[in-house]
Trainee: 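I'd like to ask you about the structure that follows.
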Amino acid sequence: QVRLVESGGGLVQAGGSLKLSCAASGITFSMYGMGWFRQTPGKARELVAAVSRSASSTYYVDSVAGRFTISRDNAKNTVYLEMNSLKLEDTAVYYCAAGRGSWPAVRYDYWGQGTQVTVSS
């Protein structure tokens with residue numbers, strides 16, 4: 001059974017930082033590209049950041065580039081999203097996802113349950 005379990009969300013003031021973690025089980029983690037998505041009510045889920053299987057390649061949506069950093073530890077089956085200089089518009093439920101396919105065309109097959117990130121003024 002595949003499980004992706006996010007942690008690290010919470011309430012933070014604008015300008016602050018949070019680090020999300022996503023622990024994977026039930027998959028050969030190093031064979032999967034990993035992504036962090038976010039969603040707010042009434043909006044489509046958005047890919048925020050992604051990292052290739054070996055961590056040699058990363059992707060960031062323009063709105064978080066330079067503020068967020070995605071990383072992974074294949075020995076720990078864990079992917080991270082370090083979020084700095086948080087803005088009110090970063091408030092969302094953040095999901096991690098695992099997928100296969102040739103980078104950057106990863107098809108995400110497995111999803112976590114999500115963790116809430118709330119940025120206050």
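Side-chain atoms are counted along with the backbone in the values below, which use heavy atoms only and exclude waters and symmetry mates.
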Trainee: Could you check Thr91 against Glu89 for side-chain hydrogen bond (donor to acceptor under 3.5 Å, both in side chains), going step by step and ending with a plain yes or no?
Mentor: CA-CA 5 Å; Thr91 295; Glu89 53 264 40; over 6 Å; no
Trainee: Centre of Tyr95's six-membered ring, under 6.0 Å away, within 45 degrees of the axis: is that where NZ or CZ of Arg38 sits?
Mentor: no
Trainee: Is the closest side-chain heavy-atom distance between Ile70 and Val48 below 4.5 Å?
Mentor: no
Trainee: Could you grab the distance from atom OG of Ser71 to atom CD of Glu82, nearest 0.5 Å is fine?
Mentor: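 Answer for the OG-CD pair, Ser71 versus Glu82, is 7.5 Å.
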Trainee: What distance separates Met34 CE from Asn74 CG, expressed to the nearest 0.5 Å?
Mentor: 9.5 Å
Trainee: Determine, step by step, whether Tyr59 and Trp103 satisfy the ring-ring contact (aromatic ring centres under 6.0 Å, His included) criterion, reporting the C-alpha distance in whole Å, the side-chain angles of both residues, the deciding distance to 0.1 Å, and the verdict.
Mentor: CA-CA 10 Å; Tyr59 161 84; Trp103 181 267; 7.6 Å; no
Trainee: Given side chains that start at C-beta, do those of Thr69 and Leu81 come closer than 4.5 Å, heavy atoms only?
Mentor: no
Trainee: Determine the minimum heavy-atom distance between Leu4 and Ala24, stating which atoms define it.
Mentor: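 Shortest heavy-atom separation between Leu4 and Ala24 comes out as CD2-CB, 3.4 Å.
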Trainee: Can you see which heavy atom on Ser85 is nearest to which on Ser17, and at what distance?
Mentor: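 Taking Ser85 first and Ser17 second, the nearest heavy atoms are N-OG, 4.4 Å.
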Trainee: Would Arg72 count as a cation-pi partner of Tyr80, with NZ or CZ less than 6.0 Å from the six-membered ring centre and within 45° of the ring normal?
Mentor: no
Trainee: Using 30° and 60° as the class limits, which term best fits the ring planes of Tyr94 and Phe68: parallel, tilted or perpendicular?
Mentor: tilted
Trainee: Applying side chain to side chain contact (heavy atoms under 4.5 Å, CB included), run through Cys22 and Trp36 and close with a yes or a no.
Mentor: CA-CA 9 Å; Cys22 172; Trp36 284 98; 3.7 Å; yes
Trainee: Please evaluate residues Ser7 and Thr115 with respect to the criterion side chain to side chain contact (heavy atoms under 4.5 Å, CB included), reporting the C-alpha separation (whole Å), side-chain torsions for both, the decisive distance (0.1 Å), and the verdict.
Mentor: CA-CA 6 Å; Ser7 60; Thr115 186; over 6 Å; no
Trainee: Mind running side chain to side chain contact (heavy atoms under 4.5 Å, CB included) on Leu20 and Val117 for me, showing each step along the way?
Mentor: CA-CA 9 Å; Leu20 306 182; Val117 171; 4.0 Å; yes
Trainee: Taking C-beta and beyond as the side chain, do Arg67 and Tyr60 meet within less than 4.5 Å on heavy atoms?
Mentor: no
Trainee: Of all the heavy-atom pairs spanning Gly114 and Val93, show the shortest one and how long it is.
Mentor: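 Looking at all heavy atoms of both residues, the closest pair is CA-CG1, 3.9 Å.
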Trainee: Any chain of hydrophobic side-chain contacts (each under 4.5 Å) joining Val5 to Leu18?
Mentor: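 The answer is no; the residues belong to distinct hydrophobic clusters.
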Trainee: If you compare all heavy atoms of Ser121 against all heavy atoms of Gln13, which two are closest, and at what distance to 0.1 Å?
Mentor: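 Of all heavy-atom pairs spanning Ser121 and Gln13, the closest is O-NE2, 4.4 Å.
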Trainee: Does any part of the side chain of Met83, heavy atoms only, come nearer than 4.5 Å to the side chain of Asp90, both counted from C-beta?
Mentor: no
Trainee: With side-chain hydrogen bond (donor to acceptor under 3.5 Å, both in side chains) as the test, would you mind laying out the steps for Gln113 and Glu6 before giving the verdict?
Mentor: CA-CA 7 Å; Gln113 81 288 350; Glu6 302 99 335; 3.3 Å; yes
Trainee: Between Tyr108 and Gly33, what is the shortest heavy-atom contact and its length?
Mentor: CE2-O, 4.0 Å
Trainee: Of all heavy-atom pairs between Gly101 and Val106, which one has the smallest distance, and what is that distance?
Mentor: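 The pair with the smallest heavy-atom distance is O-CG2, 4.3 Å.
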Trainee: What distance separates Arg53 CZ from Thr28 OG1, expressed to the nearest 0.5 Å?
Mentor: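 It comes to 11.5 Å.
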Trainee: Determine, using the 4.5 Å side-chain heavy-atom cutoff (strictly less than), whether Met31 and Val51 are members of one ILVMFWY cluster.
Mentor: yes
Trainee: Could you check whether any side-chain heavy atom of Thr58 comes within less than 4.5 Å of a side-chain heavy atom of Ser52, counting everything from C-beta outward?
Mentor: no
Trainee: Answer yes or no: does atom CZ of Arg100 have more than 12 heavy-atom neighbours from other residues, nucleotides or ligands under 6.0 Å?
Mentor: yes
Trainee: So do Ile27 and Tyr110 actually touch side chain to side chain, heavy atoms under 4.5 Å?
Mentor: yes
Trainee: Begin from the C-alpha positions of Thr78 and Asp73 and carry the test side-chain hydrogen bond (donor to acceptor under 3.5 Å, both in side chains) through to its verdict.
Mentor: CA-CA 5 Å; Thr78 301; Asp73 185 337; over 6 Å; no
